[in-house]
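Some notes on the structure that comes next.
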Amino acid sequence: MATYNSEEISLMAPAGAVNSKLSNLDNLRSLLEKVPADKIPADKLEMFNSISVTPDSVTVPGGPVGALTFRMKEKVEPTLIKLAGEGLPPGIALSLSLHITPEGESTSKAKVTIDISIPAMLKPMVSGPLQKMADQFGQVLRAIPFA
């Protein structure tokens, strides 16, 4: 199992509000639409605009590994939202977790973790794109208005 973590992101919203908005994927769709374009790096804008959301899943373009679909697997209020990867080749398991840490009444911290179980020979090919994806999810969190 390989793990890829974003940096820990400070959010100007309480953990419960972050969890409530992001654990309902319909909310995620409207939040993504509200992210100001100037908060998204120019080289990430096309990928950001290609994210597809349904009530229980998110599909993200994955570059060389293809599009990745994540479906809601687990919710623990206010600290965890876990999505499981779908449509992956046999022998590959993938999950994306958002770990939320309360920091006070009006602030929290969040970190995105991607866990993947893949054959050792594939790890060098996917390590870079998966780390980049974890970092990009972290950057998107910074741009979401939770209030």
Side-chain angles (χ1 to χ4, degrees), residues 1-89 92-118 122-123 126-147:
M1 176 83 57
T3 300
Y4 303 91
N5 293 300
S6 72
E7 67 178 285
E8 191 168 56
I9 307 296
S10 293
L11 302 173
M12 300 308 294
V18 173
N19 186 293
S20 178
K21 289 230 185 220
L22 296 180
S23 65
N24 178 340
L25 297 181
D26 276 333
N27 286 338
L28 182 59
R29 179 188 345 227
S30 65
L31 289 171
L32 291 172
E33 292 170 356
K34 293 178 184 176
V35 175
D38 65 342
K39 296 288 185 183
I40 304 166
D43 63 329
K44 310 292 184 251
L45 189 57
E46 184 178 342
M47 184 207 81
F48 183 82
N49 289 333
S50 298
I51 296 172
S52 171
V53 180
T54 69
D56 69 340
S57 69
V58 177
T59 300
V60 179
V65 296
L68 299 173
T69 297
F70 294 95
R71 189 163 311 279
M72 186 64 67
K73 180 178 179 181
E74 181 179 358
K75 301 177 204 177
V76 178
E77 290 189 28
T79 59
L80 176 68
I81 299 168
K82 188 170 188 174
L83 306 172
E86 290 187 345
L88 299 164
I92 297 178
L94 176 68
S95 69
L96 183 141
S97 302
L98 175 62
H99 303 274
I100 307 163
T101 305
E103 288 287 308
E105 289 185 24
S106 62
T107 61
S108 57
K109 291 195 178 210
K111 179 174 75 171
V112 175
T113 300
I114 297 174
D115 289 308
I116 187 166
S117 175
I118 55 173
L122 293 179
K123 188 174 178 183
V126 300
S127 288
L130 288 174
Q131 182 60 57
K132 188 174 182 179
M133 187 184 336
D135 293 337
Q136 289 171 343
F137 273 111
Q139 294 302 317
V140 167
L141 287 174
R142 282 191 173 132
I144 294 174
F146 290 101

Can you measure from OH (Y4) to CG (L130) and round to the nearest 0.5 angstrom? 5.5 Å

Taking all non-hydrogen atoms of both residues into account, name the closest pair between P78 and I100 and its distance. O-CB, 3.4 Å

Check: N5 main-chain N/O paired with Q131 side-chain donor or acceptor under 3.5 Å: yes

For M133 and L68: C-alpha separation, side-chain torsions, deciding distance, then whether side-chain contact (heavy atoms from CB on, under 4.5 Å) applies. CA-CA 11 Å; M133 187 184 336; L68 299 173; 2.9 Å; yes

Is a side-chain donor or acceptor of S6 paired with a backbone partner of V112 at a separation under 3.5 angstrom? yes

Go through the steps for L22 and I144 under the test side-chain contact (heavy atoms from CB on, under 4.5 Å), then give the verdict. CA-CA 10 Å; L22 296 180; I144 294 174; 4.2 Å; yes

So, does N19 use its side chain to make a donor-acceptor pair with the main chain of I81 at under 3.5 Å? no

Spatial distance of atom OG (S108) from atom NE2 (H99) [nearest 0.5 Å]: 14.0 Å

Measuring from atom NZ of K123 to atom CD1 of I116, what distance do you get when rounded to the nearest 0.5 angstrom? 10.0 Å

Using a 3.5 Å distance criterion without hydrogens, assess whether the side chain of S97 forms a donor-acceptor pair with backbone atoms of K82. no

Nearest 0.5 Å please: distance from the CG atom of L83 over to the CE atom of M72. 5.0 Å

If every non-hydrogen atom of L94 is compared with every non-hydrogen atom of I114, which pair is closest and at what distance? CD1-CG2, 3.4 Å

Rounded to the nearest 0.5 Å, how far does CE of M47 lie from CG of N49? 9.5 Å

Check whether any side-chain N or O of S20 sits under 3.5 Å from a backbone N or O of G16 as a donor-acceptor pair, and report yes or no. no

I'd like to check K75 versus L80 (side-chain heavy atoms, cut-off strictly below 4.5 Å). Are they in contact? no

Go through the steps for E103 and M12 under the test side-chain contact (heavy atoms from CB on, under 4.5 Å), then give the verdict. CA-CA 10 Å; E103 288 287 308; M12 300 308 294; over 6 Å; no

Please report the shortest heavy-atom distance between L122 and I118, naming the atom on each side. C-CD1, 3.9 Å

Mind checking the CD1-CD spacing from I40 to Q139? Nearest 0.5 Å is all I need. 11.0 Å

